[in-house]
Amino acid sequence: MLDQPDVPDVLDGDFFRRWLITAAEAVDREADRLTELDSAIGDADHGANLRRGFAAVTEALAGSEATAPGALLALAGRQLISKVGGASGPLYGTLLRTTGKTLGDADEVSRADLAQALRAGVDAVAKLGGAAPGDKTMLDALVPAADALATSFDAARAAADKGAEATIPLQARKGRASYLGERSIGHQDPGATSSALLVTALAETADAHQGSGGGV
Amino acid sequence: MLDQPDVPDVLDGDFFRRWLITAAEAVDREADRLTELDSAIGDADHGANLRRGFAAVTEALAGSEATAPGALLALAGRQLISKVGGASGPLYGTLLRTTGKTLGDADEVSRADLAQALRAGVDAVAKLGGAAPGDKTMLDALVPAADALATSFDAARAAADKGAEATIPLQARKGRASYLGERSIGHQDPGATSSALLVTALAETADAHQGSGGGV
Amino acid sequence: MLINVPETVVADALRGMAAAHPELTVDVENRVIVRRDAPVADKVALVSGGGSGHEPLHGGFVGPGMLSAACPGEVFTSPVPDQMVRAAAAVDSGKGVLFVVKNYTGDVLNFDMAAELAEDEGIQVAKVLVDDDVAVTDSLYTAGRRGTGATLFVEKLAGAAADAGAPLERVEAIARRVNENSRSLGVALSACTTPAKGSPTFELPPGELELGVGIHGEPGRERRAMMTSREIADFAVDAILDDLRPRNPVLLLVNGMGGTPLLELYGFHAEVQRALTERNIAVARVLVGNYVTSLDMAGASVTLCQIDEELLGLWDAPVRTPALRWGV
Amino acid sequence: MLINVPETVVADALRGMAAAHPELTVDVENRVIVRRDAPVADKVALVSGGGSGHEPLHGGFVGPGMLSAACPGEVFTSPVPDQMVRAAAAVDSGKGVLFVVKNYTGDVLNFDMAAELAEDEGIQVAKVLVDDDVAVTDSLYTAGRRGTGATLFVEKLAGAAADAGAPLERVEAIARRVNENSRSLGVALSACTTPAKGSPTFELPPGELELGVGIHGEPGRERRAMMTSREIADFAVDAILDDLRPRNPVLLLVNGMGGTPLLELYGFHAEVQRALTERNIAVARVLVGNYVTSLDMAGASVTLCQIDEELLGLWDAPVRTPALRWGV
Ligand SMILES: Nc1ncnc2c1ncn2[C@@H]1O[C@H](COP(=O)(O)OP(=O)(O)O)[C@@H](O)[C@H]1O
Ligand SMILES: Nc1ncnc2c1ncn2[C@@H]1O[C@H](COP(=O)(O)OP(=O)(O)O)[C@@H](O)[C@H]1O
Ligand SMILES: [Mg+2]
Ligand SMILES: [Mg+2]
Ligand SMILES: [Mg+2]
Ligand SMILES: [Mg+2]
């Protein structure tokens, strides 16, 4: 085990389903905290938005036969676009759709494939929203997480957490927190926080996958 | 002095002016308390109402040459009717107008004259508002005060205070406190409280009158 | 509060109304709001008024098809007789004036005095008392029912009758009929804050509500743990139907107390409609909005008015006021 | 709050709107509010929308002379593209659809996606961004100015142009001109309470206020000790005139945030009029009321729109919607 810190490396449809469901559970559990963060520098809806969106994702997954990782992520992305609204709906929706599309229709992908596809998804988010790391948005967690995923799931989780926390001293330059100017300083960004939740759910899914013997 | 507890007994226009101004000062000082009482079982305006009304009385007195007690009270009553509104405006206005009219145009009146005229004023209030003692209104202070004034100013003050306090356990049957039904129990009636203020002002004026040698 | 000082709140508001509504003549000093074209020849005039803090009632209902003039008192304090006499003199065309009076001791006493004074000046005056609030038992032990939401119905329908040329007795009779066929119930989810007091008129902890409140920030008849919109609708409709069992269709007013968002009020309206449907009450016309308010109080009231063809026609007749306008 | 559960607040409100306004078609499930007579032949259609909680904006502005359809999102959350595409399809007569979009990241992204999808379906779409709030500096360091009170002006004036038969480019150009000539500033005297959160969105101690707030319960640019109505009016007018120095007369909107009593709002309006007069700004038309709200937030905003003869004519043109109606 010690010399295999990074299993599993074969990620199938089942893995992606479990990731999305784990993410939905985490969002549901943490929705109030996300809303609380959003009420400090936003409009107090981020938790409710993502809870609604991921509930729709869970439901759509249950009703879908899809098995390819890419198709599952694209399905989830479309749900977020149709059900969330706000800034986070199109942004997270685009993240998952682009990541999914980049993965193509393979039945199994590697962590390296996922890291690369996530990088494409994150780029699409940056393009759509016009934000860059340091602007105090979800990108502050997503960009380092995508980079670190090339190394390991755990590294991605750590990078996302660190990125989310690092938004605290930043002044927002995108999204509604930017309206606050300097008053946005001192608060953790809700979107970066939810991004860290999603990446944590990914690492947890990988942990369980490994435990259940699904890894290499 | 001890056998003269009830001087003064010659009440001239000056006395009535001083009574009204002392009353206006007391109302101004106690307005917040009256409003507080009115917010428990009414609509939180009794203090503001009387402050506005008695400020107008003070101003009207300053602009009037009247010297007859009856004319002064009638003038004050008309001001209250024109400036207060609400239940207390017409009721207190009628009290002072009727009391004044009953005193007629004499330049000086006795305490007994005043007691009798006040009784007529209180009757007019009862007729106008349709209330009786025990209904938790200003009458609970005014009726015993008018009766006791036949004895002495101090007796009137004590009776008014006692009457006001005695409204606490009563259930209101008139005015907006009656809408509360049993929930009106346990609160002192604002109008009875302001009536006690006016009677107290009368007794204080008498005390000062006596001190200044204006009494018999 | 968005005010200068408590003492000038009403005068400031009247200056603001004057600048907002060129179709009204607003006498700020004497506190009378009059249709600019008053007196309208050969028409019975309607004058109402009451304490301020219930806006748009009454000033917002002055105009063709509704009130001829309104007299705003201090906040939650009935106006004084001088205002009503002045208003009556400004709008009387010789056909007489109907005073629409909400049943509160203060309003009744002041309007009574005004009616005497106006008649001394040769103006023919009739009065109608509005007392629709079923939260108050009308008995020897109360000042009688309060006037609340039905005031809007009385002013609209009697105003339309006056516009149609009805004589004073007829306008008065219609006003009385509307009142007799109307009932209301109100609930508060918060107290309100008067400028003079500067703090809530009573303490209502979050998670509790007051049932059976009036429109003056008084506590209601009963305090309970918070209820859902659905439960409140059932409670209000049942309380009303306990007292008035309409066989005809009704006018429905779902009225916000001022501090309840329109979003919530529309949702409450949906529940009131459901409650009425379940009880087989047909709704002919409906109005949802903040019409008879209690400053910033959160809450709502429901008013039903049983109508017939004639009243329905009067309801649909054109009206052109700041707060209510339809028809040509 | 007067609700059932937070999750159904918007659906409940739409059911309530449907029952209140027979002149609208309300698709509760798909969250689209449409003029009953849509599509109107040979007329450019206007579609707007945004988060709920700002009522009567936008649903209350659907009707002849203003919007063809509105898409309400969840509370303070922009609607999703599906709603806008559905609305566009329902109202397009073939002459194209103008999307009126308040400048928030969420609204912009969702309407952009919708525009692409609608164009895929063969509907011609133009968009106008409303960004009138001077509290936000429009720079690289912000998401740009927020859209607030000017939305009403854009919807009314562009709606009138569409009614008058103008083609899509012209309606779009008018909308853009109105936005470019409009500026707003808002203040909050309290936070607001969203159903999802259930408690105020921020803590504002009594005796303090927030200057430069938006319409989503966000804190403003600056917190200060309570100011008088007069001081707030001066502050708001100066902030606006710093940025827009009108040489023509203006349309004035004195808008309540929802929790401020109309009594106070009229008083504030008087102070805004005074402030404008002192600065030699002529007011052509004025609107005072709760039009672009933030749920139960206490506070107000001021919007000025510099107009010319053409825009004035469009303003005076008839409009018949639940919340705004005048003319025939
Ligand atoms: N332009 C942007 N690019 C990337 N992320 C953004 C952008 N604007 C906002 N966000 C993210 O969205 C989050 C807010 O999402 P949410 O509250 O659901 O939407 P809204 O701001 O519309 O209410 C922010 O915390 C931020 O991380
Ligand atoms: N019918 C009545 N007869 C005598 N006094 C009354 C009557 N109704 C009310 N009052 C008195 O008036 C007081 C309230 O006065 P105020 O608050 O100024 O008027 P309002 O009730 O119109 O707000 C009550 O406390 C009560 O003492
Ligand atoms: Mg948000
Ligand atoms: Mg009172
Ligand atoms: Mg009162
Ligand atoms: Mg939002």
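All chains are named by letter (A, B, ...) in the order of the sequence lines, taking the proteins before the strands, and each is independently numbered beginning at 1. Fair warning: this is a prediction, and the values are worked out from it, not measured in the lab.
With a 4.5 angstrom heavy-atom cutoff, A:A48 touches chain D only via side-chain atoms. Contact annotation for D:D82: only side-chain heavy atoms (C-beta onward) come within less than 4.5 Å of a heavy atom of chain A. The contact between D:R223 and chain A is made by backbone and side chain atoms together, counting heavy-atom distances below 4.5 Å. In this structure, chain A has heavy atoms under 4.5 Å from both the backbone and the side chain of D:T201. Proximity to chain D is limited to the backbone of A:A172, based on heavy atoms less than 4.5 angstrom apart. Heavy atoms of A:A31 lying under 4.5 Å from chain D are absent altogether. Residue contact with chain A, scored on non-hydrogen atoms closer than 4.5 Å, is absent for D:Q83.
Among the residues in residues 70-79 of chain D, those with a non-hydrogen atom closer than 4.5 angstrom to a non-hydrogen atom of chain A are D:E74, D:V75, D:F76, D:T77, D:S78, D:P79. Residues of residues 181-200 of chain A placed with any heavy atom under 4.5 Å of a heavy atom in chain D are listed by number as A:G181, A:R183. The interface of residues 209-220 of chain D with chain A, defined by heavy-atom distances below 4.5 Å, comprises D:E210, D:H216, D:E218, D:P219, D:G220.
In this structure, a donor-acceptor pair under 3.5 Å is absent between the side chains of D:N290 and D:T293.
The ring pair (Phe, Tyr, Trp, His ring centres under 6.0 Å) check on D:F99 picks up D:F111, with sequence neighbours excluded.
Considering only heavy atoms from C-beta on, D:D132 stays 4.5 Å or farther from D:K102 through its side chain.
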